[in-house]
Q: 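Okay, handing you the structure first.
When a ligand or atom number is given, it counts from 1 through the structure's own listing order. Computed from heavy atoms alone, side chains included, the values below leave out hydrogens, waters and symmetry copies. In this chain, numbering begins with 1 at the start of the sequence shown.
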Amino acid sequence: MKLNPNASSFVPKFVAKPAPAPTPAVVDEPSETITTTTTNTNTTSTIVSSIKTEEDLANIKPTESVYKVEDDDIEDDDEEVNEVADKVEQVVKVLPEDSREHLNLVFLGHVDAGKSTLSGSIMVLTGQVDPHTLAKYEREAKENHRESWIYAYIMDTNEEERTKGKTVEVGRAHFETVKKRYTILDAPGHRLYVPNMIVGAAQADVGILVISSKKGEFEAGVDGGQTIEHARLAKMIGIKYLIVFVNKMDEPTVMWSKARYDEITDKLTVHLKKCGWNPKKDFQFIPGSGYGTLNVKDPLAPGVCDWYSGPSLIGTLDNLATFDRNESGALRIPITTSYKDRGIVNVIGKVESGSITVGQSIHIMPGKTKVEVLSLTGDICSFKTARPGENITIALKGIEGDDAIRPGSILAEINRPVPVVSEIEALVFILDMPDERKLFTPNFSAVFHAHTAVEDVTVKSLIATIDTKTSAEIKQKPTFCKVGDAVKCRLVLSRAVCLEEFATNPQLARFTLRDSTKTIAFGKVINIGKKAKEEIARQTKV
Ligand SMILES: Nc1nc2c(ncn2[C@@H]2O[C@H](COP(=O)(O)OP(=O)(O)OP(=O)(O)O)[C@@H](O)[C@H]2O)c(=O)[nH]1
């Protein structure tokens, strides 16, 4: 199998070149073919229903190329775009569609907790890294005197990350089991890179919160570190389930100690409850070692940790109940990455709601650029129609100029458009005010993060403080609010953003407010305003 961790980084790169497409993992791409593919729908259900064993899985092969585009045929020139697009439509390579459930995972946690190492070990254990590539990474890690970073090297592909040992962007990789397909988003743990982490986490279904059990490291991550901030952000952003991987259990200060594990899980349970996670249904703990590849894929062997008899990390993921997805809703795909490949604009994003089909005309919002879907490509398969939860590369026809796509752009259905608003009524929960600005008042400004959008925002007015238990209004028109308050308020964005009300589409309604170093508040859009609603009603045709 072909390795995919070198796939495009997750930080939005708008119409920049080169950004490698998430090459289908089961195909060795001939150099003269282009990476964009179209689909063959006839193969879908038969292939999927026949997957029962690992062997079946290994036997899934793409249909042979039926049309090849030669390099000479393609010029990187905007005028050639339509011509090239037409060729893409003639099918470059057909991969079987695959309807195993697709889950998006984000690895969260304090700096050096072992996120990249764990992600890398998953890639190795699930056969996504061939021995030759692994040997190359081993050599490079040794040359940088960072032997213990070998697995992290698989995820941390840029030079800065490798030499410093820090994840800066959000790495992206793919693996699969007999039961499910997974996209891994490996988020940076460092405080400075929380905005990158938000972009990654915004499209994850499951968060894997990696905790270092090493003496001193667990404490550093919890007391003022990123552990709790990530857990809180994950909840706010809408991640549905959290697996807390208590890592480095092999470390000499831990040695698989049950007492240490209990200390960590007890403390974290208290914190996670405060962040809104329900211990009965929202999260669970797993002990293990990413570096030792222990309890990652296979359950622990007898003698390693006899007090733990639960499933491994991958076993747990495979057994999670299927997530509810909003397939009947309007199509919404926040664009996380965009790049041009031989004249064709490709965008990457997760289908949050609705479905998207090859040949369909859609809008890139907020600019209302009308485009046609040329192809839909997942990590290992193509789609005729992609449904919610899929994280796909979409080749588009009809984009002229470089300004159609920007951070916060969304692919939306033409007949069910997404609201574009610059003033909203929101419910804001204040977490942590900047040292020099302790009060949340009208004119308070911050940076607004929602899905992939990032805009400056100013508080226009405070409407009422709210009792979070009863939702009753406590005080009308307060003059200020402080840490711990929940307040209904009006916010004004510096530029209009694609947003929906929480009752309509929670994924496009959740946001966080940050200053340069910390998360100040999180919130949800509760009213987009009469004018925006009338405008949407006028344009909706269903
Ligand atoms: N003993 C032990 N060390 C580990 C384990 N997992 C990771 N490490 C070490 O911890 C260090 C940090 O690992 P990374 O995977 O880079 O940590 P990270 O959380 O991705 O770090 P950032 O990208 O900076 O947020 C490296 O030296 C790893 O070898 C483990 O299971 N056991």
Side-chain angles (χ1 to χ4, degrees), residues 5 9-11 105-125 129 134 137-138 140-142 144-173 184-198 200-201 207-218 220-222 225-231 233-234 244-257 260-261 264 285-298 300 304-305 308 312-313:
S9 71
F10 211 71
V11 175
L105 312 176
V106 69
F107 282 67
L108 307 166
H110 189 61
V111 62
D112 282 356
K115 301 175 292 296
S116 301
T117 301
L118 181 59
S119 319
S121 73
I122 289 178
M123 299 301 289
V124 172
L125 293 170
V129 187
L134 192 60
Y137 288 142
E138 217 158 15
E140 286 176 13
K142 209 167 178 184
N144 283 333
H145 305 289
R146 289 191 172 273
E147 284 90 335
S148 68
W149 253 271
I150 167 72
Y151 291 119
Y153 262 42
I154 294 166
M155 294 300 291
D156 294 344
T157 49
N158 89 34
E159 204 50 41
E160 186 193 353
E161 289 172 0
R162 286 186 167 191
T163 43
K164 286 195 187 152
K166 300 255 168 291
T167 309
V168 178
E169 298 182 339
V170 181
R172 187 188 156 98
I184 296 183
L185 313 160
D186 173 47
H190 196 280
R191 178 182 291 280
L192 283 175
Y193 304 121
V194 170
N196 294 6
M197 173 262 164
I198 293 175
I208 297 176
L209 182 62
V210 183
I211 304 291
S212 170
S213 58
K214 185 175 172 180
K215 196 169 171 202
E217 286 191 0
F218 165 67
V222 168
Q226 257 46 68
T227 307
I228 308 304
E229 182 174 20
H230 278 192
L233 282 167
V244 186
F245 190 81
V246 182
N247 193 31
K248 306 197 187 182
M249 289 294 292
D250 62 321
E251 211 275 332
T253 63
V254 187
M255 300 296 282
W256 299 93
S257 153
R260 178 64 168 165
Y261 182 75
I264 289 172
F285 294 99
I286 297 179
S289 164
Y291 188 62
T293 62
L294 294 168
N295 213 18
V296 177
K297 180 167 181 266
D298 298 323
L300 290 166
V304 177
C305 175
Y308 180 82
S312 69
L313 176 60

Q: Which of the atoms of ligand 1 are close to N247, meaning less than 4.0 Å from one of its heavy atoms?
A: 5 (C), 6 (N), 31 (O)

Q: Just to verify, what does E217 make a side-chain contact (heavy atoms from CB on, under 4.5 Å) with, not counting sequence neighbours?
A: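 E217: side-chain contact (heavy atoms from CB on, under 4.5 Å) contacts with S212, K214, K248.
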
Q: Holding to side-chain contact (heavy atoms from CB on, under 4.5 Å), I want the full list of residues that pass it with L300, two or more places apart in sequence or in another chain.
A: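 L300 satisfies side-chain contact (heavy atoms from CB on, under 4.5 Å) with W256, L294, N295, V304, C305, Y308 only.
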
Q: I want to confirm something. Looking only at heavy atoms, which of D250, L118, V111 is nearest to atom 2 (C) of ligand 1?
A: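 Selected option, by shortest heavy-atom distance: D250.
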
Q: Does the side chain of N247 come within less than 4.5 Å of T117's, by heavy atoms?
A: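 No, side chains not in contact.
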
Q: Which ligand 1 atoms does K115 reach within 4.0 Å, using its non-hydrogen atoms?
A: 15 (O), 17 (O), 18 (P), 19 (O), 20 (O), 21 (O), 22 (P), 25 (O)

Q: Output the list of atoms in ligand 1 that are nearer than 4.0 Å to some heavy atom of G114, sorted by atom number.
A: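 Listed by number with element, the hits are 7 (C), 13 (O), 14 (P), 15 (O), 17 (O), 18 (P), 19 (O).
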
Q: Which of the atoms in ligand 1, numbered in the order shown and given with their element, are less than 4.0 Å from a heavy-atom of S289?
A: 30 (C), 31 (O), 32 (N)

Q: Mark yes or no for whether H110, through its side chain, and T227, through its backbone, hold a donor-acceptor pair below 3.5 Å.
A: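 No, because the side chain of H110 does not come within donor-acceptor range (under 3.5 Å) of the backbone of T227.
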
Q: Within less than 4.0 angstrom of ligand 1, does G290 place any heavy atom?
A: yes

Q: Quick one: which of N295, V296, T117 has a heavy atom closest to atom 13 (O) of ligand 1?
A: T117

Q: Donor-acceptor check, side chain of K115 to backbone of V210, threshold 3.5 angstrom: yes or no?
A: no

Q: Side-chain contact test, heavy atoms from C-beta onward, threshold under 4.5 Å: evaluate it for F107 versus I122 and give yes or no.
A: yes

